[in-house]
Amino acid sequence: MAFDIARARAAYPALGEGFRHFDAAAGSLVAEPVAVAVDAVYRGAVANRSDAFAPGRRAIGIVADARRAVADLLGADPAGVVFGNSATSLVYLVARTLAQSWGPGDEVVVSRLDHDSNVRPWVQVAEEQGATVVWAEFDPATGELPTDQYRDLINEATRLVAVTAGSNAIGTRPDVAAIAALAHAAGALVFVDGVHATPHQPTDVVALGADFYVTSAYKWSGPHLAACVADPALWAGMFPAKLRPSSDAVPERFEFGTPSFASLAGVTAAVDHLASLDPAATGTRRERLLASLAAVRDYEADLFARLVDGLAAIDGVSLCAAPADRCPTVSFRIGGQHPAETSRLLGDAGICAFAGDYYAWEYFHTMGLRESGGAVRAGIYHYTTAEDVDVLLDAVRALAKQAAGA
Ligand SMILES: Cc1ncc(COP(=O)(O)O)c(C=O)c1O
């Protein structure tokens, strides 16, 4: 069934402001049911968790609901869902905790395709522990992260492989399952950054072979909150620094202080919203999520082809290479124009597209583009229309013409 874009867009009142949003990779708009759920918590009797009285029980229920929702989204165990303020803070938490047992002779594999939040924490804890950092390289000509190199990079000294499920710079979806199989054969753990990939496709953390998978709700129509999922048995063997009276149970052991119940309610609403994107989908929430995100993936792929083909056809526009298997995210430059200038000029026309390295520091540094401003990023989301794409292409065409004449 064709994706009902009018229905999808109706859930985002902010679209009424008329901007053309190509910035969801940095943070999507929030769906209306999310705002309603957050508002309801702040307006209702919900203070802190207690099983002694009803408002306290509501808070307990909000947390449990959010764990179930994220578990459904990712195919994970609700008892292994850890919430945190951001993906970055969760990577630091896992890295610091795992690295307690690392030392000289141990190795960690990171990739130059990854967002810095799945690179620097591993590099820093490895350095602190005297462990060795091993780099997986992407192919600059294709934007791929070749799986084969991992055969040489992984050995019995490897403790962990950190890899992205989708590049936030160029969209590449590495073959995470194959990389994870190599890591597991060597007894290493796999930490997958799913922040960019999650809103664009169905996710099954078991099929991916992800021991840890991190995602941020603000990239999929939800609030600013992140979750890291893993097998509860894996969490159980990890011991972060924590307060004495706080719970030692998993997953609470990894959550510090009082959580934002309003945001957690928003997370559940965002997952329910994603599950509703294919109105014909039936069954459990997990089944509806799989159907809806498959519909989103197909819808976005068509629009993305229109965007990339259109950009590639404009004289003076250069695209960062990426393989066919990618999230709908492209980085480009217009001639010699500084990307920040392109972003500003597009912004003047009501088009939202980020410029810079978007924290994909290693990627842009390796490409030799970081120091001169990175690139401009345009991403498709499930509220993007063909008209949005055409408006962006027209604007880029005009800027490219101007830049060529300048
Ligand atoms: C691929 C990727 N990983 C990690 C992050 C960091 O997420 P957070 O802002 O939740 O720390 C981002 C944010 O843009 C991202 O795109």
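We count ligands from 1, going down the list as the structure has it; atoms in each ligand are counted the same way.
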| request: Write down, by chain and number, every protein residue that brings a non-hydrogen atom to less than 4.0 Å from an atom of ligand 1. | output: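 If the criterion is a heavy atom under 4.0 Å, then ligand 1 touches S86, A87, T88, H115, S117, N168, D193, V195, H196, S216, Y218, K219.
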| Quiz item: cation-pi between R377 and Y358, 6.0 Å / 45° |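 Yes - R377 lies over the ring of Y358, closer than 6.0 Å to its centre and within 45° of its axis.
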| query | Would R344 and D348 pass as an ion pair if we require N to O under 4.0 Å? | reply |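 Judged by the 4.0 Å cut-off on N to carboxylate O distance, R344 and D348 do form a salt bridge.
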| Hey, which of R286, R288, R285 is the one that makes salt bridge (charged side-chain N to carboxylate O under 4.0 Å, His left out) with D72? |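 When salt bridge (charged side-chain N to carboxylate O under 4.0 Å, His left out) is applied between D72 and each of R286, R288, R285, only R285 qualifies.
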Can you give me every donor-acceptor pair (side chain of residues 92-99, partner residue at least two apart or in another chain, under 3.5 Å) with its distance?
| unit_1 | atom_1 | unit_2 | atom_2 | d |
| --- | --- | --- | --- | --- |
| Y92 | OH | Q124 | OE1 | 2.7 |
| T97 | OG1 | L93 | O | 2.6 |

| request: Return the set of residues passing side chain to side chain donor-acceptor pair (under 3.5 Å) with Q129 (not counting sequence neighbours), or none when no residue passes. | output: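 None.
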| said: For residues 129-142, which residue pairs pass the salt bridge (Lys or Arg N to Asp or Glu O under 4.0 Å) check, not counting sequence neighbours? | reply: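 As it turns out, the salt bridge (Lys or Arg N to Asp or Glu O under 4.0 Å) pairs with a partner in residues 129-142, which skip direct neighbours, are R112-E137.
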